[in-house]
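In what follows, a single structure is set out as structure tokens and then discussed.
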Amino acid sequence: MTEENLNPFQIVQQQISDAGKYLGLDSAIEEILKEPKRVLEVTFPVRMDDGTIKVFKGIRSQHNDAIGPCKGGVRYHPDVTVDEVKALSMWMTFKCGVVGLPYGGGKGGVICNPKELSQGELQRISRGYVEAIASIIGPDKDIPAPDVYTNAQIMAWMMDAFSRLQGSNQFGVVTGKPIIVGGSLGRDKATAQGCVFVVIKAAEKLGINLNGATVAIQGYGNAGSQAAFLLNKLGCKIVGLSDSQGGIYNPDGIDLDKVYEHKSRTRSCVNFPGSQSISNAELLELPVDILIPAALENQITANNAARVKAKIVAEAANGPTTPEASRILYANGTTVIPDILANAGGVTVSYFEWVQNLMNYYWSEEEVFEKLRTIMYNAFDNVYAASQQHQVDLRTAAFIVSISRIAEAIKVRGHV
Ligand code: NAD
């Protein structure tokens with residue numbers, strides 16, 4: 001099968017097999033991990049603004065809860081499929097496992113087009129979805145969070161719907177909430193901050209001085225723009241940026257305050273004065289020390305991987321590198337910090353939010369980032385050690401670290 005034909009569900013199953021070989025993984029555990037424990041498909045009626053009733057379809061996949069409740073986002077998108085949600089729930093298990101959170105993976109989706117929905121319709125869909133899946137979620141069962149086209153407001157509606165069903169406030173049922181109803185400080189910067197912590201560790205290992213190191217970032221959105229800002233504070237020179245409209249390049253460094261202002265005004269970073277216009281494809285091949293894909297999946301493929309010049313690729317996005325491209329980059333000596341490690345800062349601060357909800361005691365942003373630093377540094381060290389021990393790339397090593405934890409829990413619980 002060519003890599004273009006592989007769907008995400010097949011890719012994650014392959015990743016489990018690849019890592020399993022190095023672990024001598026019990027075949028029954030491999031079989032358990034290759035399918036979600038539970039997938040619930042629901043339909044629910046929603047009254048639309050014009051008075052008609054529309055029936056929506058929702059999915060919640062719970063991959064594994066051997067080391068704790070399931071955790072993962074809910075996406076609202078017209079193209080959501082069961083296979084995609086299943087695969088994303090599996091990656092969540094491995095993401096939580098690699099940083100050592102006491103969670104398994106979950107993921108949800110509602111087939112809808114948020115761009116065509118009013119705020120009232122979005123609220124009724126969010127409440128309808130939660131009512132339909134209420135029996136399988138909860139602070140000690142499965143804790144949803146934002147994903148593509150869902151946000152803090154939607155999480156507040158979901159939390160409220162679940163709390164009403166229970167008859168008491170249940171802030172810990174979802175994360176990514178507004179601060180006033182139990183959200184955590186630092187959640188908005190968490191993914192980028194976590195990514196920067198592991199870039200610091202990788203640069204140390206490779207002897208790259210971040211002060212003066214050059215950086216290109218694909219996807220000047222939430223994760224990408226915050227990563228640019230944080231790396232710039234460490235002395236990095238941000239030379240390339242892009243969004244869905246195209247990219248910009250300035251080998252002398254891009255002024256981040258000015259590009260932020262330009263993007264706020266024009267809604268894109270393209271045509272930023274003093275920079276050269278480049279395509280998204282060209283951005284990936286810039287002569288830089290660090291490349292951060294922070295946009296979409298399948299950006300670095302077998303077609304362009306050999307032309308990537310960065311010494312470090314830190315995957316802030318989920319799935320930006322195809323399996324074949326990963327092999328090419330590894331063979332060329334590029335250090336790829338895999339998505340399940342590089343963007344795990346987001347779920348880690350979601351975990352902190354849940355812990356704060358359970359304690360009813362809230363931390364400062366400094367405390368949140370200090371705890372995040374400890375977790376990300378430890379996770380990088382564990383993954384790096386596994387890559388050295390087994391002589392594999394960091395992606396396979398991250399799966400090895402994660403799967404060995406989950407396998408141990410499955411064994412001691414007596415499931416196999
Ligand atoms: P976002 O929507 O804020 O930003 C995405 C950016 O990508 C936007 O600037 C958009 O213009 C750009 N983009 C879209 N299509 C593009 C294309 N074809 N080429 C180049 N750029 C394109 O999203 P985000 O929250 O920053 O998430 C970005 C990635 O990080 C996603 O893969 C997401 O799954 C992953 N991620 C985000 C978080 C988080 O907490 N935000 C956590 C884990 C993983």
Side-chain angles (χ1 to χ4, degrees), residues 1-37 61-64 66-67 70 72 81 83-101 103-107 198 293 296-302 305 313-331 334-344 347 379-380 382-384 386-387 389-410:
M1 180 168 293
T2 65
E3 64 171 12
E4 289 79 36
N5 296 332
L6 280 178
N7 77 28
F9 186 56
Q10 292 164 317
I11 292 176
V12 65
Q13 288 196 323
Q14 188 59 50
Q15 288 168 331
I16 295 166
S17 300
D18 289 349
K21 277 185 221 131
Y22 294 96
L23 286 169
L25 190 65
D26 186 308
S27 62
I29 296 180
E30 185 167 334
E31 213 176 311
I32 290 172
L33 293 179
K34 281 185 165 173
E35 289 287 341
K37 174 175 175 172
S61 171
Q62 299 176 335
H63 174 236
N64 186 279
I67 52 178
C70 299
T81 65
D83 258 9
E84 178 194 41
V85 173
K86 279 163 70 173
L88 291 167
S89 74
M90 292 160 86
W91 274 313
M92 282 307 297
T93 300
F94 302 122
K95 192 178 292 188
C96 294
V98 77
V99 284
L101 305 180
Y103 284 145
K107 203 81 182 192
V198 288
L296 306 174
E297 55 281 357
N298 298 334
Q299 296 301 296
I300 307 178
T301 67
V313 175
E315 296 181 338
N318 283 313
T321 313
T322 64
E324 187 50 31
S326 286
R327 280 187 277 276
I328 295 169
L329 291 171
Y330 185 56
T334 309
T335 297
V336 178
I337 312 175
D339 46 8
I340 60 169
L341 174 62
N343 68 37
V347 70
F380 184 91
N382 289 336
V383 170
Y384 190 80
S387 80
Q389 184 192 339
H390 297 284
Q391 290 298 301
V392 291
D393 64 352
L394 294 179
R395 190 182 317 280
T396 310
F399 275 86
I400 290 172
V401 167
S402 191
I403 289 176
S404 63
R405 280 204 178 108
I406 301 153
E408 189 185 340
I410 291 174

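- Remark: Ala331 pairs with no residue by the side chain to side chain contact (heavy atoms under 4.5 Å, CB included) rule, at least two apart or across chains.
- Minimum heavy-atom separation, Cys96 to Val347: SG-CG2, 4.1 Å.
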Decide yes or no on side chain to side chain contact (heavy atoms under 4.5 Å, CB included) for Val336 and Asp393, but give the supporting numbers first.
CA-CA 8 Å; Val336 178; Asp393 64 352; over 6 Å; no
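- Taking each heavy atom of Asn64 and Cys70 in turn, the nearest pair found is O-SG, 3.8 Å.
- A donor-acceptor contact shorter than 3.5 Å is absent between the side chain of Asp339 and the backbone of Glu315.
- Under the side chain to side chain contact (heavy atoms under 4.5 Å, CB included) criterion, Asp83 pairs with Asn7, Phe9, Thr81, Lys86, not counting sequence neighbours.
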Next on the checklist: Show, in sequence, the C-alpha distance, side-chain angles and deciding distance for Leu341 and Leu394, and conclude whether the side chain to side chain contact (heavy atoms under 4.5 Å, CB included) test is met.
Outcome noted: CA-CA 9 Å; Leu341 174 62; Leu394 294 179; 5.8 Å; no
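- No side-chain donor-acceptor contact under 3.5 Å links Gln389 to the backbone of Ser387.
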Residue pair Ile340, Trp91: steps toward the side chain to side chain contact (heavy atoms under 4.5 Å, CB included) verdict
CA-CA 7 Å; Ile340 60 169; Trp91 274 313; 4.2 Å; yes
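- Gln13 pairs by the side-chain hydrogen bond (donor to acceptor under 3.5 Å, both in side chains) definition with nothing, not counting sequence neighbours.
- Scanning both residues, Leu329 and Ala305, for their nearest heavy atoms gives CD2-O, 3.6 Å.
- Counting only heavy atoms from C-beta outward, the side chains of Ser17 and Lys34 approach each other to under 4.5 Å.
- Put simply, the side chain of Ile300 does not reach to within 4.5 Å of the side chain of Pro320, judged on heavy atoms.
- With sequence neighbours excluded, the residues satisfying side chain to side chain contact (heavy atoms under 4.5 Å, CB included) with Tyr22 are His390, Val392, Thr396, Ile400.
- When all heavy atoms of Asn298 and Thr322 are compared, the closest pair comes out as OD1-CG2, 3.6 Å.
- With sequence neighbours excluded, the residues that form a side-chain hydrogen bond (donor to acceptor under 3.5 Å, both in side chains) with Asn343 are Lys95, Asn318.
- Taking Asp18 as the reference, Lys21 meet the salt bridge (Lys or Arg N to Asp or Glu O under 4.0 Å) condition, with sequence neighbours excluded.
- Distance check, rounded to the nearest 0.5 Å: CG of Leu101 to OG1 of Thr93 gives 11.5 Å.
- In this structure, the side chain to side chain contact (heavy atoms under 4.5 Å, CB included) partners of Ser402, at least two apart in sequence or on a different chain, are Phe94, Val98, Ile406.
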Q. Going through the checks in order, is the side chain to side chain contact (heavy atoms under 4.5 Å, CB included) test met by Met90 and Ser61?
A. CA-CA 9 Å; Met90 292 160 86; Ser61 171; over 6 Å; no
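- Not one N or O on the side chain of Arg395 forms a donor-acceptor pair closer than 3.5 Å with the backbone of Pro338.
- In this structure, the separation between CG on Leu33 and CZ on Phe399 is 11.0 Å, given to the nearest 0.5 Å.
- With rounding to the nearest 0.5 Å, the separation of CD in Glu30 from OG in Ser27 is 7.5 Å.
- Glu324 and Arg327 are joined by a salt bridge, as a carboxylate oxygen and a charged side-chain nitrogen come within less than 4.0 angstrom of each other.
- Of all heavy-atom pairs between Ala407 and Leu25, the closest is CB-CD1, 3.9 Å.
- Counting all heavy atoms, side chain and backbone alike, Val198 lies closest to Ile337 at O-CD1, 3.6 Å.
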